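These notes are about the structure you will find just below.
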Amino acid sequence: MPSDREPVRIRLDEGGPLLVEGPVEVTMPDGTTVSSERFVTAICVCRRSRTQPWCDTSHRRHSRVRAATPHTSE
């Protein structure tokens, strides 16, 4: 069935959130629905955000600490 609607554009940045264009509705695991009216919405994929499902940039703090920690093998 052809649609006249434009496809939803989603961008995945390495180490960051999913960026979804347009207003969005997200169905949570418990069945509730949350929505955002922003023109681009950042959806957390790292599961560190305190504002799930929205990104609060917690991934940035984690990756900086991880990058600064030397990897050693014994």
Side-chain angles (χ1 to χ4, degrees):
M1 172 183 283
S3 172
D4 292 335
R5 293 180 9 169
E6 291 291 320
V8 174
R9 191 174 311 268
I10 299 173
R11 189 174 83 213
L12 176 58
D13 288 333
E14 187 174 331
L18 286 175
L19 300 175
V20 183
E21 288 187 11
V24 298
E25 288 186 348
V26 176
T27 302
M28 302 298 288
D30 66 1
T32 61
T33 301
V34 294
S35 60
S36 171
E37 296 297 323
R38 298 178 58 100
F39 65 95
V40 174
T41 301
I43 299 176
C44 176
V45 293
C46 74
R47 302 176 137 306
R48 292 181 184 92
S49 175
R50 293 183 181 157
T51 60
Q52 288 287 332
W54 318 126
C55 177
D56 68 0
T57 69
S58 292
H59 61 277
R60 291 181 186 167
R61 289 186 298 275
H62 180 73
S63 59
R64 285 185 187 146
V65 171
R66 176 189 247 174
T69 304
H71 296 283
T72 59
S73 56
E74 295 179 33

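A quick note: this is a predicted structure, and the numbers were derived from the prediction, not measured.
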Hydrophobic cluster identity match, [X] and [Y], side-chain contacts under 4.5 Å:
X   : Y   : answer
V8  : L12 : yes
L19 : V26 : no
M28 : I43 : yes

Given the options P53, C55, P23, S36, T41 meets side-chain contact (heavy atoms from CB on, under 4.5 Å) only with S36
Counting distance only, does the side-chain N/O of S49 pair as donor-acceptor with the main-chain N or O of W54 below 3.5 Å?
yes
When you compare the side chain of V45 with that of P17, does any pair of heavy atoms fall below 4.5 Å?
no
Can you tell if the side chain of V40 reaches within under 4.5 Å of the side chain of V20, non-hydrogen atoms only?
no
So which heavy atom on D56 is nearest to which on S58, and how close?
OD1-OG, 2.5 Å
At their closest point, which heavy atom of Q52 faces which heavy atom of R47, and how far apart are they?
NE2-CA, 3.4 Å
Inter-residue atom distance E25.CD - E37.CD, 0.5 Å rounding
8.0 Å
